[in-house]
Every structure is written in structure tokens, then in C-alpha cells.
Amino acid sequence: MADIEREAMEYDVVIVGAGPAGLSAAIRLKQLDSDIQVVVLEKGSEVGAHILSGAVLDPCGLDALIPDWKDKGAPITVPVKKDNFYMLGEAGKIRIPNWPMPSLMSNHGKYIVSMANVCRWMAEQAEELGVEIFPGMACSELVFGENGEVKGVVAGEFGKEPDGSIGDNYEPGMELLGKYVFLSEGVRGSLSKEVIAKYDLSKGYEPQKFGIGMKEIWEVDPDKHCEGTVTHTMGWPLGGNAGGGSFIYHLDNNQVYVGFAVHLNYKNPHMFPYMEFQRFKHHPMVADLLKGGKRIAYGARAMTEGGYQSMPKMTFPGGALLGCSVGMINVPRIKGNHNAMLSGKVAAEAAFAAIGAGRSGDELPDYEAEVREGAIGQDLKKVRNVKPIWSKYGLVASLVAGGFDMWTNTFGFSLFGTMKHGKSDAQSTEEASKHKVIDYPKPDGTLSFDRLTNVSFSATNHEESQPCHLHLADPDIPMTVNMPKYAEPAQRYCPAGVYEVVDDKFVINFQNCVHCKTCDIKDPSENITWTTPQGGDGPNYPNM
Ligand SMILES: Cc1cc2nc3c(=O)[nH]c(=O)nc-3n(C[C@H](O)[C@H](O)[C@H](O)COP(=O)(O)OP(=O)(O)OC[C@H]3O[C@@H](n4cnc5c(N)ncnc54)[C@H](O)[C@@H]3O)c2cc1C
């Protein structure tokens, strides 16, 4: 396809992904110079369509970017009023009081928001400043300059036949070229992954770690709804099988976000993260809340968990990685949106200074320095050992030793130094024969649902007459290696039921894909690569 001719459009800065990181960068660039030319490309059918996080937002990122966000009508109106943390057993619960936790863990002063709606509002702010935003434009390729620098992306290629050949309705898309290209694709970005590999950006850093987060929105009985309440749990049903836990956030309008995260470094390939989530809703505490309510939306997305020591080098010739394309989630706080916004802001400031100095196509070292040494680095550094302690010593140790370490880090030191993560999540998977099959109860259709029914509540849509966007490096591996060794875990780790084994054949139902990227992360043979399908395809999250 190298000889395809495309129109090119030139900008100062090209931004891939309209999440909090990309939109913050666009807004900041225009705040600094209204004449700077900025384009944001988004693969979702609209801004917000692929934004899953129904979140507790730390407003520090937005405060820095748009200090008068309240006056400007930001959809950030539900302050956290109650902050609960429980350790669950199968039928009971123990409340962990807030006082032993360092203040960084407190959710007071934070807001329960739909990040999809926050991004929609940020896109309006960006457009008012003159940013061009093109939704429905998947960026599928990088464009390189003569010196090997990234100088742009290809976006908006449509109409390939299922075998990859060019069909009658083929549209080659465009080249969007910039002095700098920002990759703000979120977790496991497909172009970001290419850039990390091409420029060896992970060298010298710990491997990135991930979790899979799944979320349903419920409308609950008004008598049970308690606006502003945040609840986190650990323990049951995961027990010792995997790290992770749940979140329950009471938004307004009797809506509740019910979510569950499973760390993807689990060893047992029989683990079924989606079914753990479904089982969790049968705990008496959760079932009491949800009974009489209805599930109105579902979605899933991987989340970065490696933290401070796993952030790769984040600049490359011609651009930078932003937000969760670097991996900026503070794991014990389960928060990354504030850091995504801050990274967009500081990347914009670095690019603005570089362009003002007549530079282009080179690296932006000031951005990297500010991320590592500034507010983002400080936020992540304090909690850097929580995840490795949990992975190595289990849940109780992570609460006690991880909590202790967060306290000492609040005062600027750690007895643990900086712990390593060691293996990647794919390498953590062990052979099926070493582990017990886990028996999951059948969904009851009231509190718990089968995957395909739930996927229909993500409004996912993919044009079927396009090539499958999930590529197998070796098509034989699923049945010759993964099946005998690992009982082909793709059947279980995918929260959308994309992968099946039918009549001894590996089947990929790419139409169901919710773009969570778990397959690209967890396949034990590292045989699956997630690429962008046609722009506009994928989930259509309404208000998640
Ligand atoms: C279940 C779950 C719960 C969470 N809860 C919280 C919370 O309570 N509080 C909190 O602060 N954080 C939370 N997070 C983390 C938060 O969602 C991330 O830190 C944040 O989304 C990172 O922002 P981003 O802009 O880097 O990426 P994203 O928000 O992922 O945005 C990336 C955008 O880029 C687009 N894109 C990707 N690739 C391409 C491409 N090639 N071409 C065009 N467009 C592309 C995507 O469609 C998307 O719109 C949660 C995450 C999950 C998964």
C-alpha cells in the first residue's frame, strides 16, 4: 500500500485522540497562541463515544487548564460527599476506616463525572478557541520524514475489502502533517505501540502493567440512591486469584456507575475477568443496591497500572506520547484523568516554545522533564510501590506495606526504594495444567448478564465488510500453542466475547470489539495486534 497517493494537510500540531490528554493539549496550544494551527483526530463516531471512564475526577488538571471551568458550564457538578472502602467476604464486609490512609487517597474535593461528557464539553471549549476536531477519523499509520522523524499520520482510510484489497468504495484518507505529532491514544495506543518499538522508548524502564476495567451504568431505585457516594471494595470474589477490586459511584439522576477491575498479571489462564465482575454484583451489599434497578450501559477498557517506573521515554523525533499512552494512572487512587490533562498542558507548552523558536520535527525534552519532575511525577512517585507489593506479596501486604510506603513517601522517602514489576502481563500467564478451572455461576439475567447481551449495551458497531482489525502474527498459534498450553484464554480475558473456539477453530468476532485492547496485552504468545478499524466504528458510549 506504500504507493497510495493521498492529499496532505499541514498543521503546527497534529493530535491523535480526543481524550482528556489530547483535548487539553489542543486547548492549551490555542490559549498560548490563537494563530497556531491544531487538529485533533478521533476514531470514535463523536468525541466521547470511546471514553469509558465513569470517574471520580481530581479537578487539579482542569484547574490548571481552565481555572473558570465552573463558570464555563463544565459537566462537573456532583461533589464526593461520602467515601467508603470495604474488604469483602462472600457474604459480609468489613469497613476500612479512612483515617489510616494518607490524604492522597481521600476523594473529598473530587467530583463524580461522566468523562465522556467532560470530553464533549472540552471539545466545545477547544472548538471555540479554533481547534479543528475531526471525529470518525481513525489514525491508522504514521508518516515519517526524511530523517526518520514522525511528521504526521494517515487518517480516514475507508472501504477496504475483508481481504485487505481495495474495493469500489475505497477512500485513501489523508495525511495530516505537523511540526509535532502528539499521540494521545490512551492505554495501549496502536500508533504509540509502534513508536515505542521503533525508537526503543521502553529501554531502561520497567514493563508497562495493565488491568482490565469493566463498567455498567445502572439506574437504581431512588430510595437507594445516595448522590455523591463513592465506594471501593477489595477481596471477594477475586480472593487470591488476581489483584483488583470494584468501584461504585453514585452520580446524579439516580444513576450509579458499577465497575470492576482485574489486574492482568494473573497467572491462572482459567480466570474470567468478566464473570468475576458479574459474580461481584451478587454480593449482598451490591445486590441490595441494584435490585429493582436496571442496567442501561456497559463497556470495558484496559487501564495502565505500571505507574512511575513503567513510564517509557515519552518523546521521539517529531512528537510526544501523552496521558495513558505513556501510562499515568495512579493505581491506588484509580485516577488518571487529572494526569492526562496535565500532560496535555505541559506537552502543549513545550511544543509552543519549540515552534516559537523555529524548531520542528525534533524532540521535546522539556515536556519529558516536566512530567517526571513536576506534578505528574510527584503524584505517581508516592504510590510507585503499591502495585509491585500487591503483585509480589498479595492483597493484605499491599494494604499494610503499600499503605505504610505511601505514608513514608508523603514525607519524601521509601524503605523499599523503587520496586520492579518484572514480567509483562502476557508473560505472567502460566500453563493451564498448573491451575484449577474456576466454576462461575450462570448469569441470572437480572443482576448479572452474559457477555453478548451486555455488549449490546455498549452500542458497538463495526462495518462487517472491512478487514478484521485484530491481527494474528501466526494464525496457527491459538490452536497449536495457546489451546493445549493455556486453554486459549482469549475466550475468557476478552470482555466482549470477540474470541471463540468453535469446532476446534479459533474464531474472531471483531464486530463485538469494544476497543479495550486486552488481547493485545494479555495473549500469552503475544500473537495479537490491535489495529484501528474504520473510523467511527467501535462502541458508542452514551454517558459513561
Ligand atoms: C474502568 C476505568 C475506570 C477509571 N476510573 C477513573 C477514575 O475514576 N478517575 C480517573 O481520574 N481516571 C479513571 N480511569 C483512568 C482514565 O480513564 C485514564 O487515565 C484516562 O482516560 C486517560 O486519558 P487519555 O486522554 O490518555 O486517554 P483516553 O481517555 O483513553 O482517550 C484516548 C482517545 O483517543 C482515541 N484514539 C485512540 N487511538 C486512536 C487512533 N489511532 N486514531 C484516532 N483516535 C484514537 C480514543 O478513541 C479515545 O477517545 C479509569 C479507567 C478505566 C478503564
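Values reported hereafter were calculated over all heavy atoms of this structure, with side chains retained and with hydrogens, waters and symmetry mates removed. Numbering of ligands and ligand atoms starts at 1, following listing order.
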Heavy-atom nearest neighbour in the protein, as seen from atom 22 (C) of ligand 1, with distance rounded to 0.1 Å: Cys324 SG, 3.6 Å
Modelled atom types, side-chain donor and acceptor of Asn254 and Trp218, under 3.5 Å: no
Proximity flag Gly259 to ligand 1, non-hydrogen atoms under 4.0 Å: no
Test: Arg492 cationic atom under 6.0 Å from Tyr274 six-membered ring centre, within 45° of axis: no
Test item: side-chain donor near acceptor, Lys387 and His421, under 3.5 Å: no
Lys/Arg-Asp/Glu bridge criterion (N-O < 4.0 Å) met for Lys335, Asp379: no
Side chain, backbone, both or neither: Ile51 near ligand 1, heavy atoms under 4.0 Å: side chain
For atom 29 (O) of ligand 1, the protein heavy atom that lies nearest, with its residue and separation: Pro20 CD, 3.4 Å
Atom 5 (N) of ligand 1: nearest protein contact (heavy atom, Å): Ile334 O, 3.9 Å
Heavy atom of His515, distance to ligand 1 below 4.0 Å: no
Any side-chain donor near an acceptor of the partner, His515 and His469, under 3.5 Å: no
Validation row, ring centre His263 to ring centre Trp390 under 6.0 Å: yes
Proximal ligand 1 atoms for Ala21, defined as those under 4.0 Å from one of its heavy atoms: 25 (O), 26 (O)
Contact atoms of ligand 1, heavy-atom distance to Leu41 under 4.0 Å: 43 (C), 44 (N)
Atom indices of ligand 1, in the order listed, that fall short of 4.0 Å to a heavy atom of Arg301: 30 (O), 53 (C)
Gln278 vs Asn454, side-chain contact (heavy atoms from CB on, under 4.5 Å): CA-CA, chis, key distance, verdict: CA-CA 11 Å; Gln278 297 308 305; Asn454 240 352; 3.7 Å; yes
Ligand 1 atoms in contact with Ile329 (distance to a heavy atom under 4.0 Å): 15 (C), 19 (O)
His338 N/O under 3.5 Å from ligand 1 N/O: no
Minimum-distance protein heavy atom relative to atom 17 (O) of ligand 1: Ser53 CB, 3.1 Å
Close N or O approach (Met303, ligand 1; < 3.5 Å): no
For Val56, atoms of ligand 1 separated by under 4.0 Å from a heavy atom: 7 (C), 8 (O), 9 (N), 10 (C), 11 (O)
Ser184 to ligand 1, any heavy atom closer than 4.0 Å: yes
Sub-4.0 Å heavy-atom contact, Thr532 with ligand 1: yes
Top protein contact for atom 21 (O) of ligand 1, by heavy-atom distance: Asn337 OD1, 3.5 Å
Electrostatic pair Asp520-Arg188, nearest N-O below 4.0 angstrom: yes
From Leu41, Thr532, Leu176, residue fulfilling side-chain contact (heavy atoms from CB on, under 4.5 Å) relative to Cys139: Leu41
Identity and separation of the nearest protein heavy atom to atom 42 (N) of ligand 1: Cys139 N, 2.9 Å
Atoms of ligand 1, numbered as shown, that sit under 4.0 Å from any heavy atom of Gly323: 26 (O)
Nearest neighbour in protein (non-hydrogen) for atom 34 (O) of ligand 1: Gly17 CA, 3.1 Å
From Gly54, Ser190, Gly186, Gly336 - option closest to atom 12 (N) of ligand 1 by heavy atom: Gly336
For His50, the ligand 1 atoms whose distance to one of its heavy atoms is below 4.0 Å: 47 (O)
Trp236 and His283 aromatic ring geometry - parallel, tilted or perpendicular at 30°/60° bounds: tilted
Within reach of ligand 1, part of Ala55 (heavy-atom separation under 4.0 Å): both
Proximity flag Glu42 to ligand 1, non-hydrogen atoms under 4.0 Å: yes
Side-chain donor/acceptor of Thr460 to backbone N/O of Ser456, under 3.5 Å: no
Protein heavy atom at shortest distance from atom 37 (C) of ligand 1: Glu185 O, 3.3 Å
Side-chain heavy-atom pair Arg451, Phe272 within 4.5 angstrom cut-off: yes
Greater than 12 external heavy atoms within 6.0 Å of Lys193's NZ: yes
Parallel, tilted or perpendicular: rings of Trp69 and Tyr111 (30°, 60°): perpendicular
Sub-4.5 Å side-chain heavy-atom contact between Cys119 and Leu23: yes
